[in-house]
Amino acid sequence: QGLGARVHGKVIILATSEFKDDYLIKGKIAVINQCNETYLPFLKHLSGVLLQNQFDDQESANYLLEKAQEFNLTVLIDCE
């Protein structure tokens, strides 16, 4: 499932939401394995997100879709 416009850019893998350097992720496409309110501080700096969530983690998918609409963010969900 996807939402948003086509984007191009560098990809960064974020293994945790403890990322503090917003300037390093600005405009990049992030690969994350879950999404919740702890990811909110940097979502608005990205140009896109690939969510590699577990098949039963619908909560992450729903949260990311909600924030993608709010921040005009391109997302792909359930990526393998």
Identify the two heavy atoms, one from S47 and one from G27, that lie closest to each other, and give their separation to 0.1 Å.
OG-O, 2.9 Å
Any idea which heavy atoms bring S60 and C35 closest together, and the distance?
OG-N, 3.0 Å
Are [X] and [Y] joined in one hydrophobic group, where the rule is that I, L, V, M, F, W and Y side chains link up if heavy atoms are under 4.5 Å apart?
{"X": "L73", "Y": "I25", "result": "yes"}
{"X": "I29", "Y": "Y23", "result": "no"}
{"X": "L51", "Y": "F71", "result": "yes"}

The residue among I77, N33, L64 that forms side-chain contact (heavy atoms from CB on, under 4.5 Å) with N53 is I77
Tested for side-chain contact (heavy atoms from CB on, under 4.5 Å) against V49, the lone hit among I32, T74, L76 is I32
Interatomic spacing from [atom1] in [X] to [atom2] in [Y] - rounded to 0.5 Å:
{"X": "N36", "Y": "D57", "atom1": "CG", "atom2": "CG", "answer": "9.0 Å"}
{"X": "Y39", "Y": "Q34", "atom1": "OH", "atom2": "CD", "answer": "4.5 Å"}
{"X": "K67", "Y": "L46", "atom1": "NZ", "atom2": "CG", "answer": "14.5 Å"}
{"X": "Y63", "Y": "Q58", "atom1": "OH", "atom2": "CD", "answer": "15.5 Å"}

Verify side chain to side chain contact (heavy atoms under 4.5 Å, CB included) between F42 and L24, making sure each step is shown before the conclusion.
CA-CA 10 Å; F42 62 79; L24 292 175; over 6 Å; no
Would you list the atom pairs, donor with acceptor, under 3.5 Å between side chains in residues 2-18 and any protein atom, with sequence neighbours excluded?
from, atom 1, to, atom 2, distance (Å)
T16, OG1, E18, N, 3.2
S17, OG, T38, OG1, 3.0

Taking atom CD of E70 as the centre, does the number of heavy atoms from other residues, nucleotides or ligands within less than 6.0 Å exceed 12?
yes
